[in-house]
Amino acid sequence: QDNTFKIGLILPMTGQQATTGRQIEAAARLYMAQNGDTVAGKKIQLIVKDDTSLPDATRRLAQELVVNDKVNVLAGFGITPSALATAPIATQSKTPMVVMAAATSSITQASPYVVRTSFTLPQVSVALADWAPKNGIKKVVTLVSDYGPGIDAEKYFKERLIFNGGQVTEALRVPLRGPDFAPFLQKVRDAKPDALFVFVPSGAGAAVMKQFAERGLDKAGIKLIGTGDVTDDDQLNDMGDVAVGVVTSHHYSAAHPSALNKKFVEAFSKANKGLRPNFMAVGGYDGMRVIYEALKISKGQGGGDALLAGMKGQIFESPRGKMFIDAQTRDVVQDIYLRKVEKKDGQLYNVEFDVIKDVKDPGKAK
Amino acid sequence: MLTILFDGIAYGMLLFILAVGLAVTMGLMNFINLAHGAFAMAGGYITVLLMQRFGVPFLLCLPLAFIGSALLGGVLERTLYRPLYHKPHLDQVLFSIGLVFMAVASVDYFVGSTQQIIQLPEWLKGRTELGSGDWMLGMGHYRLFIIAVCAALTVGLQYVLAYTRFGSRLRASVDDQRVAAGLGINVNMVFLTTFAVGSGLAGLGGALGAEVLGLDPSFPLKFMVYFLIVVAVGGTSSITGPLLAALLLGIADVAGKYYIPKLGAFIVYSLMIAILIWRPQGLFVRKGGK
Amino acid sequence: MSTDQIHRNDADTVLSAQGLVMRFGGITATNNVTLNLKKGARHALIGPNGAGKTTLINLLTGVLQPTEGRITLEGQDITGLAPYLRVQRGMVRTFQINQLFDSLTPLQTLALTVSQHRGLGTKWWQALGRNRQVAERCDQLLAQFHLTEVMNQPTRVLAYGKRRLLEIAIALACEPRVLLLDEPVAGVPAGEREELLQTVAALPAEVSVLLIEHDMDLVFSFANFMTVLVNGTLLTEGTPEEIANDPRVKAVYLGHGEEAHHG
Amino acid sequence: MAELLKVENLRAGYGQAVVLNDVSLSLDEGQTLALLGRNGTGKTTLINTLAGATRQHGGSIMLGGIALHKLPSHERAAAGIGWVPQERNIFKSLTVHENLTAVARPGPWNPDRVYKMFARLAERKTNLGTQLSGGEQQMLAVGRALVLNPRLLLLDEPLEGLAPIIVEELLRAIARITRDEGLSAIIVEQHPQAILAISHRAVVLDHGTVVHSGSAEALREQPELLDRLLGVARA
Amino acid sequence: MNAPQQSLLNDSRFRPWEPVLWLLAFAAPVLVPSHASIINEIAIVALFAVSLDLILGYTGIVSLGHAAFFGMGGYAAALFAKLVMPDPLVGLAVGIVTATLLGAACSFTIMRGSDLTRLMVTLGVGLILLELANKLDWLTGGADGLQGVVMGPLLGQFEFDLSGRTAAWYSLTVLLALFVLLRRVVHSPFGATLKAIRDNRLRAMAIGIPVNRKLAVVYTLAAGVAGAAGALMTQTTGFASLDLFEFHRSADVMLILVIGGTGWLYGGVAGAIVFKLMQDALSSITPQYWTFWIGLFLVVLVLVGRERLIRPWTWFSRGGKA
Ligand SMILES: Nc1ncnc2c1ncn2[C@@H]1O[C@H](COP(=O)(O)OP(=O)(O)OP(=O)(O)O)[C@@H](O)[C@H]1O
Ligand SMILES: Nc1ncnc2c1ncn2[C@@H]1O[C@H](COP(=O)(O)OP(=O)(O)OP(=O)(O)O)[C@@H](O)[C@H]1O
Ligand SMILES: [Mg+2]
Ligand SMILES: [Mg+2]
């Protein structure tokens, strides 16, 4: 009993966010397979729970994991409200909570026990807003899904773009449940901007892209740019040629040219019937790394505060590139890449062509 | 302007094909089949898998999607649905939701939970533009294709239901199964055929709609509400009702998003509530029907 | 309901319809019908099938709104009044086609009706049947309509005849002052028919009854005044003898071999 | 005359409940049988069982050599059953005309002939089932059974709710049809006298069993017996 | 007392198993302390389902928007705790009152039309509220959810602890209190008029029942109870998010109620217990595919029938179809 170290992994495994859960779980298991399940004399045990993306379920599961299973770390968290709902539990029980997916800026502020290994939308949006004006894109229309992360993306992109001398002529918000992008894209076409900036949760990207082409926006000279969620590696290959040439900014691409990443991608797809890891997977993978290392640093003590201390300030090379956990904000600081979709050996990849180093979450700067 | 109208019509037509089977099972057969979307999903996946794995051309996939879903519907009707016709509506709801859950999990298990993407043939990818300025009409070829297919189906259906003996036998069977059978109508056969065709249409709709609406295992749950709106607003006593309702919904949805994007979903729901409070039996009921 | 208002009208007319018209699309089901129901009357309304008798009752009770015309009950205009308020003013009907509460038992049905009628319908803190008078009245009604042995079976499974009896029992449970009966004995076997109508006839003298019925034996033994409707129009009115001997009524309604019934 | 219907030891009911016990009867071609009995004795159940709308527990029904009890309900119409259910059960979302055409089978009876018999229906041809008056529904139910062109008509209280003049007409029509076209009929009625006058045979049911069976004429001439069988004395 | 009165009163009498059930429920947080938080959730969902039963089972109104009231009560209680004062009981009252008011305002939408119409109208109301809560993000926190809800101790004494036991007892008590109240209501003459309306509106009117008014009253009452459930939810979780209003919440509660059986009040309770326990067990066995097994359960439940499912020995004897 005393010799196990339990990680409660709460993820959406069913419903519309199910792919997030799958990727993260697979990555976490991969990390365990690669690094053994004994750390500092403790046997690591992973308990996976499905919260169906319902915040109250996430919270109850977390509560049960903490009280009944006595987990040492909570991890996972697919969507922002789930993470926010659980934060008080982390505080109350002094259990570190590793956020592997949810990307709204404010999550790390909800509890001093939150550590994030994914990314924040301000991080990636800002990078794109830096790049765009330098590349002849001045007039932009934004199109985001109408919820926390989308609004974050819109806000930070717009602020930075204006700061850089560009302008956002129209800010469109698509309902999360809005199945048809056609009218929004028609509006974009009629507005004739230089580029369209898009953030939609992973999964909806393909539809945007196809309708973008079908509506002839590309022929009208409008460029499509967006956060990496749009050209999610998970699906990129099925999107077909319409995706080629799309420029996005993100912290991870399966095509990241490093040895570590190559190994990661290969091992991941071998273990999962050829599935390509996406940015969710890397969040889970690195999250496990952060937990493992913290356990080592704390010399096998499972105590919450000791673990937390071990997590803060970790610097390491991840498949995504270099990253570190800011000791102050407990948020991830990482390189953000600009990528373009290209065809390599018959497969589509986000090929990185530029990088902005050590981007902190701009949401914390205020 | 015209483009928006055109898109709205295409979207509406698609909704109609997806929902018309439900209008028939719910309105004519008086069976609440919330699993309707699962048949649509089946059609969608049949198409995707045939195209991706076996390289079957898109046009050939459409009839196959119809037949596949119709067969599936027929088999399920015989085995599972039939005993439920005379059960209370709530039991039917429970049962069909159960089926949806099973369908969702099974598809997830066998195919995976990612969005499926269909590669259309080249000739459907283009776009034709007429006129200019405010009156410019841009027609995506695929949407044009959807409109054509759906319009043809609508006319056919309307003919069968309103002018053939099959239509009146179906309605008679629904009104009173026991007496209809006693008067020589083979109720089981009538229901089986109807159900299969309804499911087949959903499958066809799923195949056609995968491109526009996206396709993943949660499809049947995501669009259930839309189907229900079409049927509720359109009323269930005819085919034209749901058709007009679907068109209205499609156009309102598209135009709403275009002109007042901020209000998003408000438009659709407010419109629906307003209509239903104004005409509680649905917009387009047969005169004097009860 | 002030008394002088009643006096201003024809003193003993309880329910009166003036110039009622009801159109369904192209069909005129009720065509300018004027009808007065006197206090304590035993009034029969007859006419061929589809003459508009049921429609007239629907108009009087508020199920349908007349296209034209006016209805007064005890001197007050009730043309636009909601159906349930008319019931609360003492006008109660039965339906030609049974309208019952299928999942309730006859006992529950009657208990509920009696409670509602005695103003207990909004009581939510005491159980149905806690009230002694209500229970007693139910007992009485059940016995009177031969429903005692089936009182605890769901209405749904009762034989047609029993359902028919319950239909009428419900109306009487409302203690009507004006009772409108639409073919009350349809489906009731010969033996119980007379008994049933005797129950109705035995209502207090001040209760007015309007009866629709095609069984002429019963009608003639029950009614003291008759109205004949044909194609939505009032053909004639009069005492039973006058009607029985009216050649026009014979031609369109009674036929010749009225004896076929007597045998 | 040839025997058309032979029912032997019939047991039937609803769900687990058995309402009819060992009912046997027979009927010749072109003859009319009056089925009498008090309320709730199983008359409707017997009619419905012949039409295949109840649960049959045992016994056999032969109609002109066809084993009716082995056929599903909907094939019995083809075998020659024409059913007028007690509660009329007009198809409410069909028009009058569709009510007839939906079930019609080829033969001497067609919708037009029904319209001739019930002129009222012709005027209401395009009305929906629910928009008919009670009597009109009754006429339609009879017409609907006739266009099936049956060999055996099952009439469950067909006169209920009809104006006297129509009753007369209908009784005459039934007598004529059975005589001229060789049709047989089973009629359930609350007015025994009216119906015995045009019937050949009479059967009285009580508590789901046959308590009297014989010629209609004989029963007509013994009103006391009839009253006793029907329990009228109770009143 | 005559026979009719006897048998009428019999319907409303407490059965011997009822107190046993409730005693067990209240003992549960001690008997299985590790499951206190799921007991809490079951109690809340049961209350929600019972409130739906009031309108679905007793008046036959199909509502797919019941989450509107759940969410309203929930947000009201949460906002009250955050902005005004943290006392749970006062917050609960505020939640109930707010939801009741909303119910009264919405009650006119359910008077006309068919089942389907009402289903869609209620659904629409729920979704509009959802959008509203989303748009009013300065107040509700929008899509991120409302944070910073801190509840004070219950009755000034009992803290909401991490094990969730206080929460469980709190919810169970509220459930019991409201359940007893509703039980009285449905067995009263008022309750009987509701059933009458459900069975046959035309006739209900014809015996002098003001149908629309009764519907409005019962709808409002049900809304209040749903509001209580919502308030319990946000109070015991200290968090409110948009999904309180979501369609699937209305749909789930309907499933739960129908599993347990409508028109019985205990149906909601039974359904909540069965569904939640099963979901919890299945999803910890197979987090990815548990929906399949739940679906299978529903299908079997309907095909075999509720009564027969709990009496397996009847499975192979012939069913009683007519
Ligand atoms: N909703 C409606 N729409 C159209 N026509 C209707 C409607 N309701 C009734 N009618 C017609 O109005 C006429 C009068 O019907 P009503 O039911 O009042 O007749 P009735 O005198 O009661 O006849 P019966 O003795 O057969 O019951 C009928 O011809 C009927 O077809
Ligand atoms: N659907 C049903 N389910 C269960 N029992 C039924 C059903 N229908 C009828 N019964 C029962 O069967 C018995 C016979 O009913 P049936 O309707 O055959 O009588 P009937 O002789 O036609 O009476 P009536 O003169 O009232 O029409 C009755 O006791 C009745 O309660
Ligand atoms: Mg009538
Ligand atoms: Mg009968």
Side-chain angles (χ1 to χ4, degrees), chain C residues 61-63 82-95 98-105 107-132 134-142 148 151-152 155-156 167 170-171 173-174, chain E residues 1-14 54 57-60 111 178 180-218 220-222 224 261-264 320 322:
Chain C
T61 53
V63 174
Y84 74 90
L85 291 174
R86 304 184 196 207
V87 179
Q88 290 178 0
R89 294 188 183 195
M91 180 164 71
V92 181
R93 71 175 293 187
T94 64
F95 290 85
N98 287 340
Q99 302 289 343
L100 300 170
F101 305 125
D102 273 345
S103 68
L104 304 186
T105 66
L107 173 59
Q108 285 168 338
T109 305
L110 291 177
L112 135 80
T113 312
V114 174
S115 305
Q116 172 69 31
H117 180 71
R118 306 218 162 152
L120 307 175
T122 50
K123 275 226 161 78
W124 57 266
W125 58 90
Q126 71 173 203
L128 181 68
R130 172 66 68 202
N131 185 304
R132 212 179 155 71
V134 170
E136 265 159 21
R137 177 79 180 123
C138 289
D139 198 20
Q140 230 175 355
L141 283 165
L142 288 169
T148 310
M151 73 179 182
N152 285 323
T155 304
R156 187 181 337 115
E167 170 78 33
I170 293 176
C174 293
Chain E
M1 200 185 281
N2 56 18
Q5 185 165 24
Q6 195 95 49
S7 74
L8 279 175
L9 291 177
N10 250 343
D11 295 341
S12 58
R13 202 152 284 151
F14 271 99
L54 201 57
Y58 287 89
T59 49
M111 310 247 163
L178 290 174
V180 170
L181 181 83
L182 295 185
R183 199 176 175 293
R184 270 212 104 103
V185 170
V186 300
H187 286 121
S188 69
F190 174 78
T193 57
L194 296 181
K195 292 182 221 167
I197 292 170
R198 172 192 65 194
D199 279 5
N200 192 333
R201 267 186 198 221
L202 183 62
R203 189 47 186 248
M205 256 186 258
I207 59 170
I209 299 177
V211 172
N212 284 348
R213 195 173 338 138
K214 298 263 162 162
L215 287 180
V217 170
V218 70
T220 307
L221 179 62
T262 56
W264 181 48

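The model shown is predicted, which means the values in this text are computed figures rather than measured ones. Letters A, B, ... are given to chains in the order of the sequence lines, protein chains preceding strands, and every chain is numbered from 1. Both backbone and side-chain heavy atoms feed into the values below; hydrogens, waters and symmetry mates do not.
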Engineer: Between E/Gly263, E/Ala206, E/Gly191, E/Ser188, which residue shows the highest count of heavy-atom pairs closer than 4.5 Å to chain C?
Structural biologist: E/Ser188
Engineer: Using a 4.5 angstrom heavy-atom cutoff, name the option from C/Ser103, C/Ser115, C/Cys138 with the most pairs to chain E.
Structural biologist: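 Answer, by heavy-atom pair count under 4.5 Å with chain E: C/Ser103.
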Engineer: Just jot down the salt bridge (Lys or Arg N to Asp or Glu O under 4.0 Å) partners of C/Arg156, sequence neighbours excluded, or say none.
Structural biologist: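 With sequence neighbours excluded, C/Arg156 shows a salt bridge (Lys or Arg N to Asp or Glu O under 4.0 Å) to no residue whatsoever.
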Engineer: So for C/Asn152, is it side chain, backbone, both, or neither that comes closer than 4.5 Å to the heavy atoms of chain E?
Structural biologist: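 Contact with chain E is through the side chain of C/Asn152 alone.
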Engineer: Flag the one option from E/Thr193, E/Ile207, E/Val211, E/Asn212 with the top tally of heavy-atom pairs under 4.5 Å to chain C.
Structural biologist: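 Answer, by heavy-atom pair count under 4.5 Å with chain C: E/Ile207.
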Engineer: Side chain to side chain contact (heavy atoms under 4.5 Å, CB included) for E/Asn200 and C/Phe101? Distances and angles first, verdict last.
Structural biologist: CA-CA 6 Å; E/Asn200 192 333; C/Phe101 305 125; 3.9 Å; yes
Engineer: Taking every non-hydrogen pair under 4.5 Å, which of C/Leu128, C/Val63, C/Ile170 racks up the most with chain E?
Structural biologist: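 Between C/Leu128, C/Val63, C/Ile170, the count favours C/Leu128.
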Engineer: Supply the atom-to-atom distance C/Arg130 CZ to E/His187 NE2, rounded to the nearest 0.5 angstrom.
Structural biologist: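 With rounding to 0.5 Å, CZ (C/Arg130) is 12.5 Å from NE2 (E/His187).
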Engineer: Return the option, out of C/Glu136, C/Gln126, C/Gln116, with the maximum number of heavy-atom pairs under 4.5 Å with chain E.
Structural biologist: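 Among C/Glu136, C/Gln126, C/Gln116, the one with the most close pairs to chain E is C/Gln116.
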Engineer: Can you say whether C/Ala82 sits under 4.5 Å from chain E via the side chain, the backbone, both, or neither, judging by heavy atoms?
Structural biologist: neither
Engineer: Does any part of the side chain of C/Leu112, heavy atoms only, come nearer than 4.5 Å to the side chain of E/Ile209, both counted from C-beta?
Structural biologist: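 Result yes, sub-4.5 Å side-chain heavy-atom pair found.
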Engineer: Run C/Thr113 and C/His117 through side chain to side chain contact (heavy atoms under 4.5 Å, CB included) and show every step you take.
Structural biologist: CA-CA 6 Å; C/Thr113 312; C/His117 180 71; 5.6 Å; no
Engineer: Got a sec, which pairs hit salt bridge (charged side-chain N to carboxylate O under 4.0 Å, His left out) with one end in residues 189-218 of chain E, sequence neighbours left out?
Structural biologist: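 Residue pairs with at least one partner in residues 189-218 of chain E: C/Glu167-E/Arg203.
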Engineer: Report which part of C/Leu100 has an atom under 4.5 Å of a heavy atom belonging to chain E: side chain, backbone, both, or neither.
Structural biologist: backbone
